[in-house]
Amino acid sequence: MSSRVEIDDRSALPRLRIAPSRGWVSLKLSELWEYRELLYFLVWRDIKVRYKQTALGASWAIIQPFMTMVVFSLFFGHLARMPSDGLPYPIFTFAALVPWTFFANGLSQSSNSLVGSSNLITKVYFPRLIVPLASVFSGIVDFLIAFAVLLVIMLYYGLVPTLNILWLPLFVLLSLVTSLGVGLWLSALNVKYRAVRYIFPFVPQFWLFATPIAYPSSLLHEPWRTIYGLNPMVGVVEGFRWALLRTSTVPGPIVAVSASAAVLILVTGAFYFRRMEKTFADIV
């Protein structure tokens, strides 16, 4: 009879311990790249769910800004005679509503994203930043559809984009950064304070009229016009009009102020989100 001695070398195996952080922590953005496949899956899931649960599908990406344009054109353009920087009022409004709708939908989806993904958050570990990030990215499809309609309306009015259109991706990015930054703040607050969700419907409504969509920012004189750029969507809207419709005023100072405000909102929102992340699985 022979005997065999087995050595238990389990202690040599690497172990990963997940523990809650304390205080302010780093953003660990490298984890987002490691979980990029999950981000892609969540973006694709949000897109499919959005279109499957609506009777008109992707048409809502067009109906929402188009009907808003009709209402604004009737009340502000026709009745109130609101100036439109020398442009036809419908295209003046629709050019602003395309990035605005992208921002507003991303804000709405990301604000409720953590609560809506509670089953996933409480069962497995992954960077929670992926959840609101996927909610914002999923709106890019709607934006592209609405933007295609905008180009058609421009051709109808005889407006052809110039080389200024090369700046357009910058303003799209600025809208995305603003939507994600505010969404990080609201999504983290929504997990801890459920009463915050009742504030959500009023935030886009108030922000809509605080942004020069139905009226031009040229109604304000300097330095108030530049200070107005502290609303990040002011730079987005004015930049869109300048890049597509050849408005006479280059929104340089406004874009600089809006970009600074958007980055500040995103950075502070990301750090606050990471600070509160350790409590999400317990209270979501």
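We count residues from 1, following the sequence as given.
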Quiz item: Which is it for Ser111 and Asn190 under the side-chain hydrogen bond (donor to acceptor under 3.5 Å, both in side chains) test, yes or no, and what are the steps along the way?
Solution: CA-CA 7 Å; Ser111 299; Asn190 188 31; over 6 Å; no
Quiz item: Could you walk me through whether Leu176 and Val172 pass the side-chain contact (heavy atoms from CB on, under 4.5 Å) check?
Solution: CA-CA 6 Å; Leu176 187 147; Val172 177; 5.7 Å; no
Quiz prompt | side-chain contact (heavy atoms from CB on, under 4.5 Å) between Leu120 and Val124, intermediate numbers included | solution = CA-CA 6 Å; Leu120 182 62; Val124 295; 3.7 Å; yes
Exercise. Apply side-chain contact (heavy atoms from CB on, under 4.5 Å) to Ser175 and Met233, showing your working.
Key: CA-CA 7 Å; Ser175 178; Met233 289 306 297; 4.1 Å; yes
Exercise. Determine, stepwise, if the pair Leu97 / Val237 fulfils side-chain contact (heavy atoms from CB on, under 4.5 Å).
Key: CA-CA 8 Å; Leu97 286 170; Val237 167; over 6 Å; no
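The shortest side-chain heavy-atom distance between Phe102 and Ile140 falls under the 4.5 Å cut-off. Counting only heavy atoms from C-beta outward, the side chains of Phe94 and Val149 approach each other to under 4.5 Å. Inter-residue side-chain proximity for Ser117 and Arg45 is flagged as met; some heavy-atom pair is nearer than 4.5 Å. Between Val234 and Pro212 the shortest side-chain heavy-atom distance falls below 4.5 Å. Side-chain contact check for Phe92 versus Ser73: every heavy-atom pair is 4.5 Å or farther apart. Between Asp46 and Ser135 there is a side-chain heavy-atom pair separated by less than 4.5 Å. The side-chain heavy atoms of Tyr228 and Val257, taken from C-beta on, include no pair separated by under 4.5 Å. Residues Leu32 and Leu39 have side chains not in contact (no heavy-atom distance under 4.5 Å, counting atoms from C-beta outward).
Between Phe103 and Trp100, the distance from one ring center to the other falls under 6.0 angstrom.
Between Ser217 and Ile254, the closest heavy-atom pair is OG-CD1, 4.1 Å. Closest heavy-atom contact between Val177 and Ala262: CG1-O, 3.7 Å. For Phe240 against Ala95, the heavy-atom pair with the smallest separation is CD2-O, 3.7 Å.
Taken to the nearest 0.5 Å, the CG atom of Leu107 stands 10.5 Å off from the CG atom of Leu184. Taking OH of Tyr215 as the start and CZ of Phe209 as the end, the distance is 9.0 Å to the nearest 0.5 Å. Atom CZ of Phe147 is separated from atom CG of Leu244 by 5.0 Å, given to the nearest 0.5 angstrom. Arg241 contributes atom CZ, which lies 10.5 Å from atom CD1 of Ile91 (distance to the nearest 0.5 angstrom). Between atom NZ of residue Lys192 and atom OG of residue Ser187 there is a gap of 14.0 Å, rounded to the nearest 0.5 Å. Atom-to-atom distance recorded for Phe171:CZ and Glu238:CD is 10.0 Å, nearest 0.5 angstrom.
With Ser258 contributing its side chain and Gly229 its backbone, the two residues share a donor-acceptor pair below 3.5 Å. A distance-only check finds a donor-acceptor pair linking the side chain of Asn231 to the backbone of Ala210 [under 3.5 Å]. Side chain of Tyr89 to backbone of Leu74: no donor-acceptor contact under 3.5 angstrom is found. The closest donor-acceptor contact from the side chain of Ser113 to the backbone of Ser110 lies under 3.5 Å.
Geometrically, Arg128 engages Phe126 in a cation-pi contact, judged by NZ or CZ lying under 6.0 Å from the ring centre and within 45° of the ring axis.
The hydrophobic cluster containing Tyr198 does not contain Val115, counting ILVMFWY residues as joined when their side-chain heavy atoms lie under 4.5 angstrom apart, directly or transitively. A continuous path of Ile, Leu, Val, Met, Phe, Trp and Tyr side chains, each step under 4.5 Å between heavy atoms, connects Ile121 with Tyr125, placing both in one hydrophobic cluster. Residues Leu186 and Phe202 fall into different hydrophobic clusters, defined by Ile, Leu, Val, Met, Phe, Trp and Tyr side chains chained together at heavy-atom separations under 4.5 Å.
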Let me have the donor-acceptor pairs involving side chains of residues 62-72, under 3.5 Å, with sequence neighbours excluded, atom names and distances please.
residue	atom	partner	partner atom	Å
Thr68	OG1	Gln64	O	2.8

Distance-only check: which donor-acceptor pairs under 3.5 Å involve side-chain atoms of residues 153-168, not counting sequence neighbours?
residue	atom	partner	partner atom	Å
Thr162	OG1	Asn164	N	3.3

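Between the side chains of Asp142 and Thr101, not a single donor N or O lies within less than 3.5 Å of an accepting N or O.
When each of Tyr272, Phe273, Phe271 is tested with Trp185 by the rule ring pair (Phe, Tyr, Trp, His ring centres under 6.0 Å), just one qualifies, namely Tyr272.
Around CZ of Phe41, the count of heavy atoms belonging to other residues, nucleotides or ligands within 6.0 Å does not exceed 12. For Glu37, the CD atom sits in a loose shell: 12 or fewer heavy atoms of surrounding residues, nucleotides or ligands are nearer than 6.0 Å.
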